[in-house]
Amino acid sequence: MNLLVTGGAGFIGSNFVRYMLEKYPNYKVVNYDLLTYAGNLENLKDVENHPNYTFVKGDINNRELVDYLIKTHEIDVIVNFAAESHVDRSIADPDIFVKTNVLGTQALLDVAKANNIIKYVQISTDEVYGTLGETGYFTEQTPLAPNSPYSASKAGGDLLVRVYHETYGLNANITRCSNNYGPYHFPEKLIPLMITNALEGKELPIYGDGQNIRDWLHVKDHCAAIDLVIHKGRPGEVYNIGGHNERTNNEIVYLIVEKLGVSKDLIKYVADRPGHDHRYAIDPTKIMTELGWKPQYTFETGILETIQWYIDNQEWWKNIKSGEYMNYYQKQYGDR
Ligand code: NAD
Ligand code: DAU
């Protein structure tokens, strides 16, 4: 099988590229990524010379280049990770989210359709469902009700994927996963931000009262689920992915503080995120029963491994935190 992985230099995409190269010695992977602030070829340093791996820099909106790659590499399957992915950035500057997550998805779908791609998989998010109260779960039937420019743009992309299946017969799937954590997670997101700030002795900014709940899944469990969807997903179906690991943000930050042995005084409650979703929680029954997916990590082992990864890979995140990312950090949190 020949795979075109778009956005493969980001957090989940890079973990997925490595996962597929390790698991399938006969598959070829073309990683197509624009290398925005979040794309980092350091994430794939260990596979850059792998005989089945090719990297090409480019935008998913560039139909000509995507078309050329599909033809020259005889691509069978497209897996689209490429996106603007950070909610806070979307609140500050929504335009690029629509351009990449909506228009970019449509451009990819057009080229996939024109080339009779065997399978197209859209990597989406549970955030398209909006927010939950204290009870209940997101199922594949939950209505889309996004609350941020990011989640609205992801929902827009999802609706286009649905249309290309229903109207044009494209063999497409959508996956909607809960919050991922693990190695190569960009340090603007909660878990890597808190680990790296704690290691640097910086403040740990919790939005609002810290009682918002996210449902955490190790990135490798997400990759295994996508692998199953590529091979066994029924045409046109949506699959929710999550491992029943709900935690409040306070629980996450206190755990990191405790495991790293830093002072609780670093914790600072700051202004809430506008439109902050209260709770996400996935019902993964469909992917578990239909495709036989089961997460391998418990949160307790996964988070310890992840904390250790950030301790062992300080050069990776220090390079990011000392670069262009600093401008964003100062805008978001001031001079903390
Ligand atoms: P990320 O921000 O780490 O990576 C996104 C990648 O896309 C980067 O490498 C970036 O360079 C690339 N990219 C951006 N615009 C592009 C464009 N126009 N053309 C080509 N490449 C472009 O994001 P992530 O956390 O790895 O998320 C990957 C996907 O998974 C996203 O679609 C996101 O919505 C979805 N998702 C993320 C999570 C999570 O917890 N991180 C959970 C569920 C779903
Ligand atoms: O649910 C899947 C989604 O998870 C993905 O689609 C997104 O791409 C991904 O970024 C993530 O979105 P969240 O908004 O849930 O993740 P984030 O790490 O930004 O925030 C997690 C929680 O932590 C959220 O309730 C906001 C809070 N938070 C975040 C930051 C960055 C803080 O309290 N302080 C912070 O500094």
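Order of appearance sets the numbers: ligands from 1, and atoms from 1 within every ligand.
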To which protein heavy atom is atom 36 (O) of ligand 2 closest, and what is the distance rounded to 0.1 Å? Y333 OH, 2.6 Å
Check side chain to side chain contact (heavy atoms under 4.5 Å, CB included) between L132 and all other residues, then give those that pass, not counting sequence neighbours. F138, R279, A281
Could R162 and D158 be called an ion pair, given the rule that one side-chain N must be under 4.0 Å from one carboxylate O? no
Look at atom 20 (O) of ligand 2 and say which protein heavy atom is nearest, naming residue and atom and giving the distance to 0.1 Å. R273 NH2, 3.8 Å
So which protein residues pack against ligand 1 under 4.0 Å, heavy atoms counted? G7, A9, G10, F11, I12, D33, L34, L35, T36, A38, G39, G58, D59, I60, F81, A82, A83, S85, T100, I123, S124, T125, Y150, K154, C177, S178, N179, N180
Tell me the nearest of R214, E188, K154, E127 to atom 12 (O) of ligand 2, using heavy-atom distances. E127
Do N197 and E203 have a side chain donor and acceptor closer than 3.5 Å? no
For L190, which part has a heavy atom under 4.0 Å from ligand 2: side chain, backbone, both, or neither? both
Which is it for L193 and ligand 2 at heavy atoms under 4.0 Å: side chain, backbone, both or neither? side chain
Which heavy atom of the protein is the closest neighbour of atom 1 (O) of ligand 2, given with residue, atom name and distance? D126 OD1, 2.5 Å
Once you measure the plane-to-plane angle for F81 and F16, does it fall in the parallel (<30°), tilted (30-60°) or perpendicular (>60°) bin? tilted
Considering non-hydrogen atoms of the protein only, which is the closest contact for atom 8 (O) of ligand 2, and what is the distance? S85 O, 2.8 Å
Clusters formed by hydrophobic residues whose side-chain heavy atoms approach within less than 4.5 Å: which one holds I118, and what are its other members? none
With a heavy-atom distance limit of 4.0 Å, tell me whether N249 approaches ligand 2 through its side chain, its backbone, both, or neither. side chain
Decide whether Y137 and D215 meet the rule of one side-chain donor and one side-chain acceptor closer than 3.5 Å. no
For residues 5-17, which residue pairs pass the side chain to side chain donor-acceptor pair (under 3.5 Å) check, not counting sequence neighbours? T6-N80
What protein heavy atom sits nearest atom 24 (C) of ligand 2, and how far away is it? H276 NE2, 3.4 Å
